[in-house]
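Below is one structure, written out as structure tokens, with a few remarks after it.
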Amino acid sequence: MPVFIRKGGLDIPPPSLSSRDSDEEEFLTDPEQLFDPLPQPYRMIDKVLFQLLEDVWDIVSEREEARMQDGSRVRPPLYECPVQMQEHGKAHCMTHSVDGRYIFVGLPTGLAAFDAVSQVTLALWEETVEVTSLKVSLAGVQMYLLSTVDDMGASRLLLFSNERFYFIKQLNEQEGTITVKCELSTDGDYVGVALENKEKEVWLEVHRLPRDSWLRELEQAQAQALKAAYAASQDQSTYGETAPETSDGQATEGEEGRKSGAGTPTSEVPRQTPSVGQGSMLAGPDIKFSPAQMVLRVRPPTELTGSSAKSVYDAYKAVDMGDVIGTGGNHVLLAEHLNQRKTVFNVVHEQQVRHLPQEEEEVTRTPTFHFLLGGQMLPAGLDNVAQAGQVNSVCVRWNGSNNLAHYSLLKTGKDIEHKPDLVWPNTCTITASAVSSDTSLVAVGLMDGLLTVWDKYLGLQKCVKKLKTQGSVTFLTFLNPAVLPNKTPSHPPYDTPTSAGVLAGCSDGTLFVVRCGHGEEDMEPVTVLDSSSDDTERFTTVQVIPAIPQVVLCVRRNGQMLMYDVLKNHVLCEIGLPSTHYLSSPWEPCCAFGADGQMLYAKGSLLDAGEEYVPGSGSSSMFVHQLRSFPTLDNYWRRQSEPRLFITHVTVNKRCDALLQDRLSRQKDRIARMQERWNDLRTEIDVAQKFRNAGQTRQRVKVAFASRS
């Protein structure tokens with residue numbers, strides 16, 4: 001049988017380079033791979049350590065690159081020239097009066113007030129409470145209404161007048177309730193208090209304050225104190241002139257002294273009549289003020305639940321007419337329908353639902369509220385001349401809610417827990433809100449970075465802007481319209497709506513200036529601060545300087561205090577404390593402006609608690625910066641801008657009167673133009689007549705020439 005035998009031996013062809021695995025490739029390129037790979041689990045440990053080294057090296061490279069960029073950046077000038085106060089170093093909160101004359105400080109032992117220019121303490125209200133929150137409003141001529149909240153959750157109302165504190169009342173008088181938040185209206189007519197009980201239930205109470213009665217009662221008490229002081233001074237002077245004798249007919253020791261000293265020169269200090277202001281370091285006498293009246297109680301909106309109606313007829317009977325937008329609590333959807341919808345949703349999106357984060361613990365819902373003046377949406381009180389320019393409503397939003405509810409404060413019914421008179425719904429959760437100083441504009445910031453500005457008087461949206469941010473809007477405040485460029489139109493002759501600016505801050509550290517007004521709908525928001533990956537460089541507090549609203553103070557989490565020009569979008573300067581101190585609690589700094597923004601007060605703490613910067617000052621001190629001495633702010637102090645309203649609403653009658661007055665004022669110009677036109681017309685007629693006569697003459701000449709020929 002033939003057999004085929006291959007010539008030559010069998011050999012295995014070498015593998016191609018493309019078929020080699022990664023280990024063989026590393027063996028060919030790395031001489032260190034001559035040794036066998038590590039066995040498990042050492043191989044895994046080696047990979048983990050190698051990856052850890054790579055991550056650390058990436059972090060070091062990023063920090064080095066950031067350091068190089070920071071070194072090449074032009075730094076703003078640093079001003080470290082504060083004056084240290086010897087008092088109020090343990091302050092927990094601080095605020096300035098509306099006119100900038102006084103600074104009110106919350107202390108561990110009560111309350112204090114000192115002059116904003118001279119830093120002289122004027123009055124003390126000593127109590128065994130630690131004041132943690134402080135609000136102030138102007139109640140009258142140099143009369144200030146204060147609301148305080150202490151560490152135990154008690155809220156109080158006080159009146160400051162003639163350099164004295166007068167205690168009015170405690171707001172949370174119910175046992176077992178604590179104050180979550182307390183706000184005053186601008187004119188001091190209303191106060192809102194958010195209370196919480198032992199069951200973690202939170203609600204809002206609004207009280208109408210008898211401000212005029214309190215001022216009259218205070219004036220009467222001061223007049224009586226002045227009379228008593230004058231009578232006491234008269235008694236002292238009478239006692240000094242006539243010396244009483246004893247029962248034995250002998251003169252007293254003072255009389256003998258005067259007799260023995262007769263003929264010798266003496267120097268006596270004349271007695272002065274004490275005034276009301278003397279001894280004002282102590283609190284004023286107890287005065288029984290008139291009680292306040294509760295006008296509104298608001299509870300948080302309930303979660304959406306099914307209707308309890310047993311039939312469709314009963315469900316439709318309980319539903320409102322639908323003439324206004326409500327909160328959606330009254331509906332015709334049954335509980336079974338809602339449960340079925342939820343079940344269907346979970347089945348359809350099963351793969352996505354299981355990746356959702358677990359529900360966190362229930363968070364206590366707290367309200368944020370603003371007092372508003374009258375408008376066309378809530379016209380209560382507009383017809384009454386006495387109510388003009390006074391608060392008539394309050395807008396309330398609860399954390400986690402999409403609705404901004406408006407409640408009237410002028411209702412006379414006994415039901416103080418009535419439904420909202422107006423509801424502004426939004427597409428997302430409201431995270432920030434603010435109102436202008438005259439409450440004509442309301443700004444609302446949402447979780448998705450959307451900003452809406454409402455004209456509260458007309459109930460129309462002034463602008464809707466989507467901010468270029470990945471976070472939510474967390475801070476809102478209105479800028480003074482006087483700092484914004486505004487061209488006054490020559491026509492019409494009446495006032496037109498002015499432009500307004502909103503300073504909006506987001507959770508990722510970005511800060512924007514959004515302009516809203518006539519003709520500014522297409523303007524993009526101006527970025528003042530960019531987002532920062534470093535959490536320590538994000539802002540915690542932004543305050544507008546009262547006298548120069550174009551400049552704001554921005555406090556970062558690392559304790560830096562920077563001045564920004566929000567219109568030119570650049571840093572002006574940095575405000576620093578002495579090298580031995582740092583800014584206390586930069587996430588919630590204790591700072592305030594005084595003397596209309598010319599002074600800045602900030603609380604600082606020692607870096608080394610073992611040594612003292614000034615003997616007897618303690619571990620924390622209050623520092624004063626004179627902003628007038630900063631060279632970079634000189635140009636801003638020189639500028640004088642006329643105040644302007646945030647928005648202007650002109651009625652039809654005023655518009656007609658303005659147009660008529662404008663037409664009457666231009667009557668002389670119109671007569672002169674008409675006379676000039678008639679003169680020009682006469683000249684034009686003469687020229688036209690000349691041309692006509694010349695044409696007729698030319699025609700006659702032609703006819704005559706033709707007849708001769």
Side-chain angles (χ1 to χ4, degrees), residues 92-93 95 104 106-111 125-137 145-159 165-185 188-211 214 283 286-303 327 361-371 391 393-401 405 407-409 411 413-420 433 588:
H92 290 285
C93 57
T95 185
F104 300 98
L107 301 174
T109 58
L111 199 62
W125 179 70
E126 295 183 352
E127 193 73 20
T128 57
V129 295
E130 185 175 341
V131 179
T132 58
S133 178
L134 181 61
K135 303 294 181 181
V136 61
S137 65
L145 185 64
L146 294 92
S147 65
T148 64
V149 180
D150 58 24
D151 57 340
M152 302 302 294
S155 55
R156 298 175 176 84
L157 285 178
L158 295 97
L159 195 63
F165 286 108
Y166 297 89
F167 176 78
I168 298 178
K169 66 169 297 186
Q170 181 173 341
L171 295 175
N172 56 334
E173 297 178 348
Q174 300 179 6
E175 185 179 356
T177 60
I178 61 174
T179 303
V180 180
K181 185 180 296 185
C182 185
E183 296 285 345
L184 288 168
S185 62
D189 286 337
Y190 293 90
V191 60
V193 187
L195 302 176
E196 180 181 356
N197 57 13
K198 297 180 180 179
E199 288 76 18
K200 301 298 181 180
E201 297 178 352
V202 181
W203 67 93
L204 172 65
E205 293 182 357
V206 179
H207 300 260
R208 182 184 290 116
L209 306 179
R211 184 190 57 173
W214 288 353
D286 294 336
I287 303 175
K288 188 177 181 181
F289 291 97
S290 301
Q293 178 187 2
M294 185 189 304
V295 295
L296 180 65
R297 182 185 291 118
V298 181
R299 299 191 182 275
T302 58
E303 297 182 359
T327 58
E361 297 181 0
E362 185 178 357
V363 181
T364 303
R365 307 190 67 178
T366 57
T368 301
F369 50 95
H370 310 280
F371 293 98
V391 174
S393 62
V394 59
C395 63
V396 184
R397 68 173 179 87
W398 298 84
N399 57 341
S401 176
Y407 298 86
S408 175
L409 300 176
K411 291 188 175 181
K414 296 182 179 180
D415 185 14
I416 60 176
E417 294 189 23
H418 54 80
K419 297 180 181 179
S433 60
E588 192 176 356

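This structure is a prediction, so every number in the text was calculated from the model and none was measured.
- The heavy-atom pair separating C93 from S133 by the smallest distance is SG-N, 3.7 Å.
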| query | How far apart are the C-alpha atoms of K135 and V191, what are their side-chain angles, what is the distance that settles it, and do they pass the side chain to side chain contact (heavy atoms under 4.5 Å, CB included) test? | reply | CA-CA 10 Å; K135 303 294 181 181; V191 60; over 6 Å; no
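- Side-chain contact between L146 and W125 is absent, with no heavy-atom pair separated by less than 4.5 Å.
- Note: D151 CG to I178 CD1 = 11.0 Å, rounded to the nearest 0.5 Å.
- N197 and W203 make their closest contact through ND2-CZ3, 3.8 Å (heavy atoms, listed as atom of the first residue, atom of the second, distance).
- Screening V394, V396, V180 against P367 for a side chain to side chain contact (heavy atoms under 4.5 Å, CB included) leaves a single residue, V396.
- Within 6.0 Å of atom CD in E588, 12 or fewer heavy atoms from other residues, nucleotides or ligands are found, so the atom counts as exposed in its surroundings.
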| field | Verdict with reasoning, E205 to L195, per side chain to side chain contact (heavy atoms under 4.5 Å, CB included) | value | CA-CA 8 Å; E205 293 182 357; L195 302 176; 3.7 Å; yes
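- Here the CZ atom belonging to R297 is positioned 11.5 Å from the NE2 atom belonging to H418, to the nearest 0.5 angstrom.
- Nearest approach of P301 to R365, heavy atoms of both residues: O-NH1, 3.1 Å.
- The two residues W398 and V298 make their nearest non-hydrogen contact at CZ2-O, 3.8 Å.
- For the pair V193/L171, a side-chain contact is recorded, criterion being any heavy-atom separation below 4.5 Å from C-beta on.
- The line from CD of E126 to CG of L107 is 9.5 Å long, rounded to the nearest 0.5 Å.
- We find the CZ-CZ distance between F104 and F165 to be 5.5 Å, quoted to the nearest 0.5 Å.
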| said: Would V295 and Y190 count as a side chain to side chain contact (heavy atoms under 4.5 Å, CB included) here? Give the steps. | reply: CA-CA 10 Å; V295 295; Y190 293 90; 4.3 Å; yes
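- Scanning both residues, S155 and T179, for their nearest heavy atoms gives OG-OG1, 3.0 Å.
- At least one side-chain heavy atom of K181 sits less than 4.5 Å from a side-chain heavy atom of T368.
- To the nearest 0.5 Å, the span separating OG on S147 from CD on E183 amounts to 7.0 Å.
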| task | Please test D189 against V391 for side chain to side chain contact (heavy atoms under 4.5 Å, CB included), starting from the C-alpha separation and ending with a verdict. | result | CA-CA 8 Å; D189 286 337; V391 174; 5.6 Å; no
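- Counting non-hydrogen atoms of other residues, nucleotides and ligands closer than 6.0 Å to CD of E417 gives a total above 12.
- In the displayed structure, M294 atom CE is contacted under 6.0 Å by more than 12 heavy atoms of other residues, nucleotides or ligands.
- Distance check, rounded to the nearest 0.5 Å: CD1 of I168 to OG of S290 gives 10.0 Å.
- In this structure the side chain of K169 never reaches within 4.5 angstrom of the side chain of F289, judged on heavy atoms.
- Using a 4.5 Å heavy-atom threshold, the side chains of I416 and L296 count as separate.
- Counting only heavy atoms from C-beta outward, the side chains of E127 and D150 never approach each other to under 4.5 Å.
- Judged by distance alone, with hydrogens and angles left aside, the side-chain atoms of R208 form a donor-acceptor pair with the main-chain N or O of L409 at under 3.5 Å.
- In this structure, the side chains of I287 and L159 stay at 4.5 Å or more apart for every pair of heavy atoms.
- Of all non-hydrogen atoms in G192 and L204, the two that sit nearest each other are C-CD1, 4.3 Å.
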